[in-house]
Amino acid sequence: MGKSRVLIAWGLMLTGAGVPFAPLSVAAEVGQSTETVKPGADKIFTAMVNDRCEKCHNSTDWAGSLAMDTLDLNKAGQDPEVWEKAIAKLRSRLMPPAGAAQPAQADVDSVVDYLEATVDTSAKDHRVGHVPIQRLSRNEFAASVKDLVGVDVDPKQILPTEIEVDGFSNVARALVISPSFMEQYLSAARKVAQRAIGEPVPKMENVFYRGGGGGGGQAGPGSPSQLTHKDGYPLGTRGGVNFTHVFPADGEYRFNFLEGDSLDAGLYPRGMETRATMVVLVDGAEVARREIGGPEDLTLADRDGPKGRAAVIAKVSAIPAHVTEGEHNVTVTFIERSWAESNDPTGGGKVSGMPIIRDGVQVVGPFSPQGLSLSESRAKIFICQPKQESEETPCAERIARHLATEAYRRPVTDADVQLLMKFYNTGRAEAGGFDSGVTELVTAVLSSPDFLYRAINSAPGATRQITDLELASRLSFFIWNEGPDDQLIGLATKNQLSDPAVLDAQVERMLKDPRAESLISNFAFSWLNLATLAQIEPLDPTFTAAMRGNFETEARLFLEAVLLGNRNVTELLTADYTFVNDSLARQYGIPGVFGPQFRRVTLKDENRWGLLGKGAVQLRTSYSDRTSPVLRGEYVLDRILGTPPTPPPPGVNTDLSVHEGQAPATVRARLEAHRANPTCKGCHGVMDPYGLAMENFDVTGRWREVDTQAKAPIDPTAELDSGIILHGPADLRRYLTRRPEQFPTTVTKRLMMYALNRELEYYDMPQVRQIVHEAAAKNYTLAALIIGIVNSDSFRRQAPEAPAKVATKVASNDVPRLNATKQ
């Protein structure tokens with residue numbers, strides 16, 4: 001298709017036949033939506049149903065268990081469940097199925113507008129859903145204990161894997177419980193309590209932290225990370241190991257390197273040829289430094305063999321440092337130095353290697369423990385300090401009331417405190433100390449159902465307004481992923497939080513709080529399926545774990561800039577900027593970027609704009625050995641348009657691999673052969689064009705013009721069922737943003753599901769559209785969408801429990817595997 005025909009196709013799609021058309025520009029990507037239904041839309045709707053839909057969806061064929069010839073088309077608002085499904089299918093052009101005669105895009109848009117207006121006008125009862133009692137997800141548990149007692153825990157290490165629904169792990173019906181599950185939560189509660197309080201007379205610990213590795217002493221300055229500066233380490237250093245260690249008490253600790261190859265002192269330790277300075281830092285402050293390497297150490301290692309190498313390692317082992325109780329960050333690294341052999345500029349020689357850390361660092365201690373200082377955790381717990389035994393019980397009661405009020409997310413009663421005091425008294429009596437009693441008290445708080453479970457009460461047979469305390473908890477877990485703070489509880493206790501002006505002010509305050517970052521790490525990363533990049537291991541030998549980390553950092557900074565930066569959420573697709581460091585800039589072909597620090601850059605290549613140009617998205621929608629237009633097309637339909645395609649029917653061959661003896665072929669060619677099957681074309685005819693438009697991006701996000709496996713040029717041209725021709729990512733982006741409310745609607749649906757802790761139902765959609773409509777006046781910012789959600793009936797009201805569904809849609813993350821059948 002020539003350029004003129006492409007422009008005509010775009011014009012017909014955007015304006016309708018016979019209407020003057022101006023070429024689409026970047027500035028016009030997010031225009032103004034027409035809020036009124038076009039005249040005659042009801043007739044277009046009736047004709048479309050009669051001429052197209054009823055051919056399959058009738059009382060004879062019952063395709064999709066739906067007979068449209070039994071519905072009153074003049075009263076579409078009486079069947080909202082049917083027509084909400086139709087709206088979703090039409091918006092993404094999933095119906096009519098690919099291969100069937102297609103209506104004009106202008107007609108589809110008219111029908112969608114008509115149906116939405118009709119259903120919304122008829123939604124007079126404002127039905128809301130029911131959210132059952134739910135336990136804290138493991139992420140919510142970790143965030144809550146961090147805020148409550150100041151202990152950082154890795155939820156993936158201490159608690160079992162969650163069941164995800166549409167990528168989210170906080171959906172109430174999926175947060176099931178079992179005896180073994182509860183046992184792990186109780187075990188985690190005890191470990192947290194012990195770490196928070198500390199041990200006055202701790203046991204000697206010996207912990208080894210792996211790290212370093214790679215490069216060897218024989219490499220030059222361009223080698224792996226042990227010979228270059230590592231991102232996040234102090235400037236002027238190279239290589240090293242970084243870890244977080246929980247020091248059980250104040251005292252002296254020693255840092256060791258194990259015998260063998262912990263430092264580069266192997267059978268021929270060329271890394272020992274050059275003298276280097278090792279430094280140990282705790283929380284960024286230097287606590288020790290040692291010299292290692294040089295002619296003397298090399299001679300010792302060569303002459304005395306294993307004993308000599310052990311003597312070299314002993315020089316930098318048992319490094320003492322006084323550290324206070326609690327969690328501290330430890331860095332062991334080397335001071336960077338020149339690779340020149342001498343200061344003589346005419347010499348031209350370079351050293352052949354330097355000492356590196358191969359295996360890791362061992363922490364031993366404490367030696368001569370000196371009790372417990374007031375760490376962050378103890379400061380949060382010990383709001384009083386008894387000076388004599390008679391003051392211990394009153395102080396413990398104050399601690400119990402303080403912790404329980406925050407943990408239970410409500411004012412506590414005397415009965416609550418007395419129950420907790422039983423645990424305190426038992427711990428104090430058995431272990432013989434105030435701290436031991438408080439440890440049991442904290443364990444009891446973190447094990448209490450009032451902490452581990454969230455519940456919104458229901459009124460039998462009636463929908464009720466949730467209480468201010470329930471509102472405070474729901475709001476806080478929505479925005480912060482943890483329980484409400486004192487200000488929220490205080491307002492809720494006075495029944496002031498439900499006032500719309502007060503609630504809006506609290507939302508504004510909460511979004512400015514650092515804890516709002518959970519909307520990025522827990523909401524956005526889950527919605528966009530970017531939290532599982534580690535599950536894709538590209539076969540590309542140039543791809544490293546550091547580049548995967550670059551992808552994650554870029555995505556996080558970009559999402560923060562748009563969502564928390566008060567920008568139109570559609571900028572997630574249209575933004576002409578991103579965040580890169582030098583290595584990521586090279587991956588993307590962006591010149592003039594130097595250094596490991598990330599910085600904002602303007603993108604001159606519009607194919608890189610927005611999420612569709614991010615390496616994280618390209619990696620997550622690929623297999624290890626090749627790209628997948630199917631995965632990428634499915635990603636666009638599900639994550640961007642909000643309408644996931646139907647899974648393939650059982651028994652359908654979906655293997656697109658090139659088998660032994662077959663000539664290499666491009667992915668496009670293999671897909672075309674697959675779509676020749678009418679059964680497959682119904683879905684692939686919709687999905688594949690979106691993915692093919694991104695085929696110039698390889699597995700690791702690099703731009704390419706040639707398929708190296710098939711040795712053929714990449715053709716990103718794709719024709720949608722509507723007749724629109726896409727010539728690459730830029731055209732795809734323009735298509736996805738042609739209706740200004742389309743993407744904000746997708747964001748609102750996902751955000752509302754995350755906020756309500758349940759899947760959305762058809763009766764939620766009128767509220768979703770109302771939220772998006774009102775947010776238009778505020779430029780579709782995330783804050784505007786959140787304000788709309790928290791003021792909606794779905795968020796503020798609770799329906800009685802409905803009969804259980806036969807099945808719940810549970811996502812398995814669909815991780816592509818190299819050996820799996822794949823498309």
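Residues take their numbers from the sequence shown, with the count starting at 1.
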Does Arg556 make a cation-pi contact with Phe525, if we ask for NZ or CZ under 6.0 Å from the ring centre and within 45° of the axis? yes

Side-chain contact test, heavy atoms from C-beta onward, threshold under 4.5 Å: evaluate it for Leu563 versus Leu572 and give yes or no. yes

Criterion side chain to side chain contact (heavy atoms under 4.5 Å, CB included) on Asn696 and Asn607, from CA distance to verdict: CA-CA 10 Å; Asn696 281 116; Asn607 290 309; over 6 Å; no

Going through the distances and angles, do Val128 and Gln767 end up as a side chain to side chain contact (heavy atoms under 4.5 Å, CB included)? CA-CA 10 Å; Val128 300; Gln767 294 183 68; 4.2 Å; yes

Hey, what do you get for CG (Asn566) to CG (Leu564), rounding to the nearest 0.5 Å? 10.0 Å

Using modelled atom types and a 3.5 Å cut-off, is there a donor and acceptor pairing between side-chain atoms of Asp715 and backbone atoms of Thr717? yes

What is the distance from atom CG of Leu519 to atom CG of Leu511, rounded to the nearest 0.5 Å? 6.5 Å

If we only count heavy atoms from C-beta on, is the Gln770 to Asp120 side-chain gap below 4.5 Å? no

List, one per line, each side-chain donor-acceptor pair under 3.5 Å for residues 76-89, sequence neighbours excluded.
{"from": "Glu84", "atom 1": "OE1", "to": "Arg769", "atom 2": "NH1", "distance (Å)": "3.2"}
{"from": "Glu84", "atom 1": "OE2", "to": "Arg769", "atom 2": "NH2", "distance (Å)": "2.6"}

So how far is it from Ile787 CD1 to Lys778 NZ, rounded to the nearest 0.5 Å? 6.0 Å

Smallest separation among heavy atoms of Ala534 and Arg548, with atom names: CA-NE, 3.6 Å

Salt-bridge criterion met for Arg52 and Asp107 (N-O under 4.0 Å): no

Where the side chain of Arg474 meets the backbone of Phe795, is there a donor-acceptor pair that is under 3.5 Å apart? yes

Please name the pair of heavy atoms, one in Asp42 and one in Tyr114, separated by the smallest distance, quoted to 0.1 Å. CB-CE1, 3.6 Å

Matching residue for Phe743 among Thr574, Ile640, Leu736 - test: side-chain contact (heavy atoms from CB on, under 4.5 Å): Ile640

Would Arg620 pass as a cation-pi partner of Tyr635, given that its NZ or CZ must be under 6.0 Å from the six-membered ring centre and within 45 degrees of the axis? no

Would you sort out whether Tyr754 and Asn481 count as a side chain to side chain contact (heavy atoms under 4.5 Å, CB included), showing the intermediate values? CA-CA 10 Å; Tyr754 178 79; Asn481 200 45; 3.9 Å; yes

First locate atom CG of Asn791, then atom CD1 of Ile786, and finally report the distance between them rounded to the nearest 0.5 Å. 12.0 Å

Within a strict 4.5 Å, meaning less than it, do heavy atoms of the Val768 and Leu760 side chains meet? yes

Asn170 side-chain N/O to Asn757 backbone N/O, donor-acceptor pair under 3.5 Å: no

Please lay out, stage by stage, how Ser137 and Asn139 fare under the test side-chain hydrogen bond (donor to acceptor under 3.5 Å, both in side chains). CA-CA 5 Å; Ser137 71; Asn139 287 332; 5.3 Å; no

Between Arg758 and Asp764 (salt bridge meaning N to carboxylate O under 4.0 Å), is one present in this structure? yes

Test your reading of the model: is there a side-chain donor-acceptor pair from Asn58 to the backbone of Lys55, 3.5 Å cut-off? yes

Measure from the side-chain N and O atoms of Ser628 to the backbone N and O of Leu631, and report whether any donor-acceptor pair falls under 3.5 Å. yes

Would you call the rings of Phe551 and Tyr588 parallel, tilted or perpendicular, where under 30° means parallel and over 60° means perpendicular? parallel

Quick check against the 3.5 Å criterion: does Asp638 have a side-chain atom that pairs as donor or acceptor with the backbone of Thr643? no

Run the side chain to side chain contact (heavy atoms under 4.5 Å, CB included) test on Val790 and Ile479 for me, step by step, so that the C-alpha distance in whole Å, both residues' side-chain angles and the decisive distance to 0.1 Å come before the verdict. CA-CA 10 Å; Val790 302; Ile479 299 178; 5.5 Å; no

Passes salt bridge (Lys or Arg N to Asp or Glu O under 4.0 Å), Asp166 versus Lys749? Steps please. CA-CA 11 Å; Asp166 284 343; Lys749 287 165 59 179; over 6 Å; no

Closest non-hydrogen atoms of Asp688 and Pro629, given as atom of the first, atom of the second and distance, are O-CB, 4.3 Å

Just by modelled atom types, is the Gly610 backbone N or O under 3.5 Å from a matching donor or acceptor in the Arg733 side chain? no

Give a yes or no on whether the backbone of Val699 and the side-chain of Arg626 come within a donor-acceptor separation of less than 3.5 Å. no

Nearest 0.5 Å please: distance from the CG atom of Leu73 over to the CE atom of Met48. 12.5 Å

For the pair Arg127 and Glu761, find out whether any cationic side-chain nitrogen is under 4.0 Å from an anionic carboxylate oxygen. no

Considering only heavy atoms from C-beta outward, does the side chain of Tyr762 approach that of Val119 to under 4.5 Å? no

Do Thr748 and Glu741 have side chains that get closer than 4.5 Å, going by heavy atoms? no

Angle class for the Tyr577/Phe579 ring planes (parallel below 30°, perpendicular above 60°, tilted otherwise)? perpendicular

Can you give me the closest heavy-atom contact between Pro96 and Asp721, atom names plus distance? O-OD2, 4.4 Å

Tell me, do Gln742 and Tyr735 make a side-chain contact under 4.5 Å, heavy atoms counted? no

Any idea which heavy atoms bring Arg567 and Ala561 closest together, and the distance? CG-O, 3.5 Å

So how far is it from Leu611 CG to Leu528 CG, rounded to the nearest 0.5 Å? 5.5 Å

Contact summary for Trp609 and Leu603, nearest pair of heavy atoms: NE1-O, 3.1 Å

Is any side-chain heavy atom of Glu162 less than 4.5 Å from a side-chain heavy atom of Leu175? yes

If we count only N and O atoms by modelled type, under 3.5 Å, do the side chains of Gln105 and Asp109 hold a donor and an acceptor together? yes

Taking C-beta and beyond as the side chain, do Asn529 and Thr621 meet within less than 4.5 Å on heavy atoms? no

Under a 3.5 Å cutoff, is there a donor and acceptor pairing between the side chains of Thr781 and Asn779? no

Checking Gln618 side chain against Leu612 main chain: does a donor-acceptor pair fall under 3.5 Å? yes

Checking Arg639 side chain against Trp527 main chain: does a donor-acceptor pair fall under 3.5 Å? yes

